[in-house]
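Side chains are part of it too, since the values below use all heavy atoms of this structure and drop only hydrogens, waters and symmetry mates.
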Amino acid sequence: MIGRRLFLGAVGAAALSGCAPDVLGLRRSVRVAVSWSGAELREFHRVLDGLGDLEFPVEVIPLGDDIPTAFGPRSTRRPDVVMLPRPGLVPQQLENLQPVPAELADRGRTRLWDELLVQEGETYGVPFKTAHKSAIWYRPSVFKQVGVEPPKVWSDWLQVNRQLSLAGIRPLALAAGDGWVLTDFLENVLLGSAPSAYRSLASSAEPRPSQEPAFAAALRLLGTLWAAPGTLAGGVDRSLVQQFPDAIVEVFGHRRAAMVLASDFAEPVVRSFAADPDDIGLFTFPSMTRGTAAPVVVGGDVMVLPRPASEDAQKLVRRLAVPAAADPWIATGGFLADGRTTGYSPELTRLAEQLVAPGRSLQFDLSDRLYQLDDGLQRVLNDFLVRVGDQGTEVVREAVDVALTELAKVES
């Protein structure tokens, strides 16, 4: 989740929105730490501008992948509000956080958030942005050309890939340069094939996925997809260095691949680079077998208050928590608000409806919750891709064994 921030364009010094220096006679700024950069950072400034006149200046601090430093040693420059892109860190940072204002504690939100934000009866965060991490964007024209439909189950997906490959079309652009793309792939397979194992790992104080048979089985399934010759656009070498905007361009700009796994926040990139704006489709991760629930992996950014929180910081959180506050960002696309299903493009409306539909297998991003293993898991999956990519399914079993051995070292 965090890694994507670096690829939407770097920014230099801290950007300010109505800020003022902290000097005598001037009210101190409310400092908001965010992981966003580039287009996402601009959109957040539009949200702040849409709040109208505030009683205090606001300073936005883009920290990128370093946002956990927002909870470092106290100083006069510490942030007052943190847009935390890993809600799974909330239970780990309780000693540094102050509960949110009382009137926001029971604010309507999907129950999924409560697992992370409500601790010992106190609420420590307010959802700002939700991410649907089971979305696959594709070009309907190539599906029509080959006579295939978006897959309903995993085996359909493998067959779609085979038919596209036989027609000379690379099925998948894989942004392995962004490690979170690889973990998103695996998490969807694991949640779809073994939801109880997924939940067990997510809630474990000492997770050991290398010892979980369902985890190994999910790796084998994923390896089968990645290993099919002719699946990856540009092969393994390009996939390893390709970041998610580049993978989207590969599909919709250069038209050298049919589909790409990318969350809802990819929407502005898709529409910006699509050579044909009418040739944009979206489906979500299929069920692993008929009759089972399709997985929906969820991420998001949550507003938290480092302790002690000022009155102005709490006021800003109240203003940003108003459902209409995010309207400027929603209007330009790539933003889902918790529990809201209106105001989006048709594609994002479908994703929003899945996030509130009963019977769906929804879980928060496993790698966000297993933050202590995240970097190591990404490295293991990177090596796994090298071993299996385009190599044929006969190499998958041995590659899984190697990956589990590497993962065990990360866990120890």
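For Gln159, the CD atom is densely surrounded, since the number of other residues' heavy atoms within 6.0 Å is greater than 12. Other residues, nucleotides and ligands contribute more than 12 heavy atoms inside 6.0 Å of the CZ atom of Arg208.
Taking the charged nitrogens against the carboxylate oxygens, Lys144 and Asp279 have no contact shorter than 4.0 Å, which rules out a salt bridge. Using a 4.0 Å cut-off between charged nitrogen and carboxylate oxygen, Asp401 and Arg387 do not count as a salt-bridge pair. A salt bridge links Glu115 to Arg369: one of the charged nitrogens lies within less than 4.0 Å of a carboxylate oxygen. A salt bridge links Glu43 to Arg46: one of the charged nitrogens lies within less than 4.0 Å of a carboxylate oxygen. Look at Asp184 and Lys133 and you find a salt bridge, because one of the NZ, NE, NH1 or NH2 atoms lies within 4.0 Å of a carboxylate O, short of that distance.
Contact annotation: the side chain of Val32 approaches that of Leu316 to within less than 4.5 Å [non-hydrogen atoms, C-beta and beyond]. Contact of the Leu336 side chain with the His132 side chain is registered, since non-hydrogen atoms from C-beta on lie closer than 4.5 Å. Proximity of Val30 to Lys315: side-chain heavy atoms (C-beta onward) are nowhere separated by under 4.5 Å. Using a 4.5 Å heavy-atom cutoff, the side chains of Leu97 and Arg307 are not in contact. With a 4.5 Å cut-off on side-chain heavy atoms, Gln119 and Pro91 count as touching. Side-chain contact between Met288 and Val189 is present, with at least one heavy-atom pair separated by less than 4.5 Å. Here the side chains of Leu84 and Tyr124 are not in contact, with every heavy-atom distance at 4.5 Å or above. Residues Met83 and Ser35 are not in side-chain contact: their nearest non-hydrogen atoms beyond the backbone lie 4.5 Å or more apart.
Between Leu351 atom CG and Leu282 atom CG the span is 5.0 Å, to the nearest 0.5 Å. To the nearest 0.5 angstrom, Leu261 atom CG is 15.0 Å from Tyr138 atom OH. Here Asp178 contributes atom CG and Asp246 contributes atom CG; the two are 8.5 Å apart, rounded to the nearest 0.5 Å.
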Applying side chain to side chain contact (heavy atoms under 4.5 Å, CB included) to Leu219 and Leu381, what does each step give before you reach the verdict?
CA-CA 9 Å; Leu219 263 181; Leu381 288 178; 3.8 Å; yes

For a side chain to side chain contact (heavy atoms under 4.5 Å, CB included) check, start with the C-alpha distance between Leu172 and Asn161, then their side-chain angles and the critical distance, and finish with the verdict.
CA-CA 8 Å; Leu172 185 66; Asn161 289 353; 5.7 Å; no

The test is side chain to side chain contact (heavy atoms under 4.5 Å, CB included); show your working for Leu190 and Leu222 and say whether it passes.
CA-CA 9 Å; Leu190 179 61; Leu222 180 58; over 6 Å; no

Quick one, Thr284 with Gln354, criterion side chain to side chain donor-acceptor pair (under 3.5 Å). Give me CA distance, side-chain angles, the key distance, then yes/no.
CA-CA 10 Å; Thr284 55; Gln354 283 194 359; 3.0 Å; yes

Please determine whether side chain to side chain contact (heavy atoms under 4.5 Å, CB included) holds for the pair Glu187 and Ser367, giving the CA-CA distance in whole Å, both sets of side-chain angles, and the decisive distance to 0.1 Å.
CA-CA 8 Å; Glu187 288 158 7; Ser367 53; 2.8 Å; yes

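The list of ring pair (Phe, Tyr, Trp, His ring centres under 6.0 Å) pairs with a residue in residues 189-236, not counting sequence neighbours, reads Phe185-Trp226. For residues 319-356, the set of pairs meeting the ring pair (Phe, Tyr, Trp, His ring centres under 6.0 Å) definition, not counting sequence neighbours, comprises Trp36-Trp329, Phe128-Phe335, Trp329-Phe335. Here salt bridge (Lys or Arg N to Asp or Glu O under 4.0 Å) pairs that include residues 212-240, with residues two or more places apart or in two chains, are Arg238-Glu250.
For Trp137 and Phe283, the ring centers sit 6.0 Å or farther from each other.
Partner of Val304 under the side-chain contact (heavy atoms from CB on, under 4.5 Å) criterion, chosen from Val126, Val82, Val100, Leu117: Val82.
Considering every non-hydrogen atom in both Val386 and Val236, the closest pair reads CA-CG1, 4.1 Å.
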